[in-house]
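Report on one structure; see the data block that follows.
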Protein chains: 2
Amino acid sequence: MRIGELAQATGTTTKTLRFYENQGLLPPAERTPAGYRDYTDDIVARLDFIHRGQAAGLSLAQIRQIVDIRGAGEAPCEHVRTLLDTRLSDLEQQINQLIALRETITQLRDQAAQVEPDTCSADQVCRYL
Amino acid sequence: MRIGELAQATGTTTKTLRFYENQGLLPPAERTPAGYRDYTDDIVARLDFIHRGQAAGLSLAQIRQIVDIRGAGEAPCEHVRTLLDTRLSDLEQQINQLIALRETITQLRDQAAQVEPDTCSADQVCRYL
DNA sequence: CTGGACCTTCCAGTAGAGGGGAAGGTCAAG
DNA sequence: CTTGACCTTCCCCTCTACTGGAAGGTCCAG
């Protein structure tokens with residue numbers, strides 16, 4: 001399987017695949033005599049794993065940690081659990097902050113809908129903020 | 001007021017202040033004969049405005065739009081309302097996505113808490129994801 | 001044998017909001 | 001007169017996940 005086929009099969013681009021290999025997310029591909037990358041089918045599972053990791057909000061660096069542990073012959077499950085837990089509490093915080101922000105902006109906008117525009121003074125730039 | 005004092009007074013850095021001036025967020029500062037930036041007190045209000053804009057999740061580019069309108073002698077209120085409305089609907093979407101992601105990760109983590117680590121197989125990398 | 005589609009490597013750039021640090025000027029204190 | 005703290009401009013670096021493009025090699029059809 002050449003890189004273009006793999007890209008099509010997994011819904012990504014050849015650029016991205018080379019980039020992933022460079023970043024250690026994919027094992028160095030076998031090469032044809034001409035130097036073309038030659039993939040076996042199991043690389044698809046690896047790419048799916050990467051995509052699932054991304055869908056879970058993990059960074060490529062974190063996903064690389066996981067595949068590195070697996071590459072060292074260990075089970076990365078413990079680490080994955082830790083990552084997911086951390087991600088979850090980060091997410092919780094992030095959501096709360098955004099909700100608070102939404103509250104703030106809603107109030108600002110409601111005020112903005114009431115005040116007469118011309119009463120703004122230049123030294124405040126805009127009283128709506 | 002020199003740049004270091006202003007930085008301290010507004011809780012930022014001299015680097016950032018020069019950067020803001022460069023980006024058109026702050027008016028070009030007066031200079032002392034020696035070439036030092038010399039600020040008057042009203043710059044503090046401008047910086048507070050910038051900080052409020054950032055706290056509302058606006059980008060520096062958006063904040064610059066606002067101060068440019070004000071700089072042109074017009075009232076930016078209309079534009080601010082539009083920005084806030086847009087920001088609000090973006091925020092809504094963002095929050096919903098994060099909540100969906102939280103759901104996904106929660107499920108993954110709950111599965112991870114149950115499965116025996118050793119049952120992971122290498123070709124999946126990790127079944128928890 | 002030529003054209004076009006593919007592949008290779010390497011170098012550079014994107015966005016956003018600054019930060020690091022060099023080389024040099026200025027000011028007040030001791 | 002010197003030291004140290006401050007200031008100036010200038011250019012490059014950070015981070016993330018890619019993307020663009022140049023220069024050149026390979027493969028297959030016609």
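The chains referred to below are lettered A, B, ... by the order of the sequence lines, with proteins before strands, and numbering in each begins at 1.
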Compute the angle between the rotation axes at the two ends of the helix from C:dC1-D:dG30 to C:dG30-D:dC1, each taken over five pairs, rounded to 10 degrees. 30°
Do B:Arg37 and B:Glu30 have side-chain heavy atoms sitting under 4.5 Å apart? no
Beyond-backbone contact of B:Pro76 with B:Asp68, side-chain heavy atoms, under 4.5 angstrom: no
What is the separation between atom CE on B:Met1 and atom P on D:dC6, rounded to the nearest whole Å? 15 Å
Membership question, hydrophobic clusters at under 4.5 Å side-chain separation (ILVMFWY): are B:Val80 and B:Ile69 in the same one? no
Taking heavy atoms of chain A and a 4.0 Å limit, find me the 5'-most and 3'-most nucleotide of DNA chain C within that range. C:dC6 to C:dC10
In whole Å, what is the span from the CG atom of A:Leu60 to the P atom of D:dT19? 11 Å
For DNA chain D, which residues of residues 5-17 of chain A approach it to below 4.0 angstrom with any heavy atom? A:Thr13, A:Lys15, A:Thr16
Whole angstrom is fine here: how far is it from CD in A:Gln23 over to P in D:dT16? 10 Å
What is the separation between atom CG on A:Leu25 and atom C1' on D:dC18, rounded to the nearest whole Å? 12 Å
Assigning hydrophobic clusters by single linkage (Ile, Leu, Val, Met, Phe, Trp, Tyr; side-chain heavy-atom cutoff under 4.5 Å), is A:Phe19 placed with A:Leu17? yes
Heavy atoms under 4.0 Å, any strand shown: does A:Arg2 hit a base, just sugar-phosphate, or nothing? sugar-phosphate
Has A:Gln62 got a side-chain atom pairing as donor or acceptor with A:Ser59's backbone, closer than 3.5 angstrom? yes
Rounding to an integer number of Å, can you tell me how far A:Asn22 CG sits from D:dA17 C1'? 13 Å
Would a distance-only check, ignoring hydrogens and angles, find a side-chain to backbone donor-acceptor pair under 3.5 Å from B:Asp38 to B:Arg2? no
In this structure, are over 12 heavy atoms from other groups packed under 6.0 Å from A:Gln8 atom CD? no
Any side-chain heavy-atom pair of A:His79 and A:Arg70 under 4.5 Å: no
Residue pair A:Gln23, A:Leu60: steps toward the side chain to side chain contact (heavy atoms under 4.5 Å, CB included) verdict: CA-CA 9 Å; A:Gln23 300 296 305; A:Leu60 292 185; 5.6 Å; no
Closest nucleotide of DNA chain C for B:Leu58 versus for B:Pro33: which of these residues is on the 5' side? B:Leu58
Please check if atom CD in A:Gln54 has more than 12 non-hydrogen atoms from other residues, nucleotides or ligands closer than 6.0 Å. yes
Distance, rounded to the nearest Å, where B:Phe19 contributes CZ and D:dC12 contributes P: 17 Å
What nucleic acid atoms does A:Arg18 come within less than 4.0 Å of, heavy atoms only: base, sugar-phosphate, or nothing? base
Do A:Arg81 and A:Glu78 sit within salt-bridge range, that is, some charged N less than 4.0 Å from a carboxylate O? yes
Where do B:Ile63 and B:Ile50 come nearest, in terms of heavy atoms and distance? CD1-O, 3.5 Å
Can you measure A:Ile3 atom CD1 to D:dT19 atom P for me and round it to whole angstrom units? 13 Å
So, OP1 or OP2 of D:dT16: does either fall under 4.0 Å of a side-chain N or O from A:Gln62? no
Classify the nucleic acid contact of A:Ser59 as base, sugar-phosphate or nothing, counting any heavy atom under 4.0 Å across all strands shown. sugar-phosphate
How many Å lie between CD1 on A:Ile63 and C1' on D:dA17, as a whole number? 11 Å
